[in-house]
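Just the heavy atoms: all of them, side chains too, but no hydrogens, waters or symmetry mates, feed the values below. No experiment lies behind these values; they were computed from the predicted model shown.
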Amino acid sequence: MSPTPRQRRAARHHQPDPGAGAAPARGRRAQPITVAAVVDAALGIVERDGYEALTMRRVAAALETGPASLYAHVVNKDDLGELLIGRLCTEIDLPEPDPAAWREQITGVCVRMRDQYLRYPGISRAALAAAPTNEDTLRIGEGMLAILLAGGIAPQAAAWGIDSLMLYVNAYTLEVSLLTDPGNEWVVSRDELLRRLSGLPDAFPQTKRYAAELTSGTDHERFDFTLGLVLDGIARQGPG
């Protein structure tokens, strides 16, 4: 009996890529198809056109093969998304936990994760779609947990704090990708948004009065603000 998709995913976490180093068959493409090659091709598509444009058919075309050839290595697009997030996580350096600098260290990890996701528009959809089970992804959580525990944060607060931070990074990068997508016809400029808020009926007095504050923020000011709020909350939970 052939292995189920779940069994194939589990096995891939503990075994080397079976296609790595294999000799190409005569008359076929010059390079063998491997998990790494599939991930490379998929990241190229996402970087150029965004995560929504990613399909198994497009990946297969980039590899000069048919979609059926990919399923020996990747179960489906959701599985591929998990692999993509895992690849990006491997490129994030984790510092040696320093009790005196835990806030700076956690902030640095979140910023590096943010910047990785922003290179590939919309890719955080994949991170939001499933619980992290890939060891490359779990490595980030392990490193963040070590930093918070070294900083004296109680284990429960550290565990939930990491969940909050990761969810926020995922949501923030997804929002930025939507706002900066030139093909998104629903995105409006700040001036237009201010005009619409200012034109609301009198049932929205606070929204009208503080429209400038509601729409303010340049670069990553909102990101820094919210990250600070979360870290302040974690710190108030007391020592472990």
Nearest-0.5 Å distance that lies between atom CG in L84 and atom CG in D40: 10.0 Å
Side chain to side chain, C110 and M144, heavy atoms closer than 4.5 Å: yes
Whether F223 and H220 hold their rings parallel, tilted or perpendicular, with breakpoints at 30° and 60°: perpendicular
Side-chain touch L88/M113, heavy atoms, less than 4.5 angstrom: no
Linked, directly or transitively: I153 and L229 (ILVMFWY side chains, under 4.5 Å): no
T90 side chain near R87 side chain, heavy-atom distance below 4.5 Å: yes
ILVMFWY network linking Y71 to I33, side-chain heavy atoms under 4.5 angstrom: yes
Pair E175 + R222, salt bridge at N-O below 4.0 Å: no
Sub-4.5 Å side-chain heavy-atom contact between C89 and L138: no
In one Ile/Leu/Val/Met/Phe/Trp/Tyr side-chain cluster, 4.5 Å: Y172, L174: no
More than 12 heavy atoms of other groups within 6.0 Å of D219 CG: no
Residue pairs involving residues 77-132 (criterion ring-ring contact (aromatic ring centres under 6.0 Å, His included); sequence neighbours excluded): none
R190 CZ: over 12 foreign heavy atoms closer than 6.0 Å: yes
Hydrophobic cluster identity match, W160 and I140, side-chain contacts under 4.5 Å: no
Atom pair CE/NZ of M56 and K77 - distance to nearest 0.5 Å: 10.0 Å
Rounded distance (nearest 0.5 Å) linking atom CD1 of I85 with atom OG of S124: 7.0 Å
Straight-line distance of Q105 CD to D98 CG, nearest 0.5 Å: 5.0 Å
Co-membership, hydrophobic cluster, residues L200 and V188, 4.5 Å side-chain: yes
R195 bridged to E192 by N-O distance under 4.0 Å: yes
Heavy-atom side-chain proximity of T180 to P121 below 4.5 angstrom: no
Exercise: identify the closest heavy-atom pair between G66 and A60: C-CB, 3.6 Å
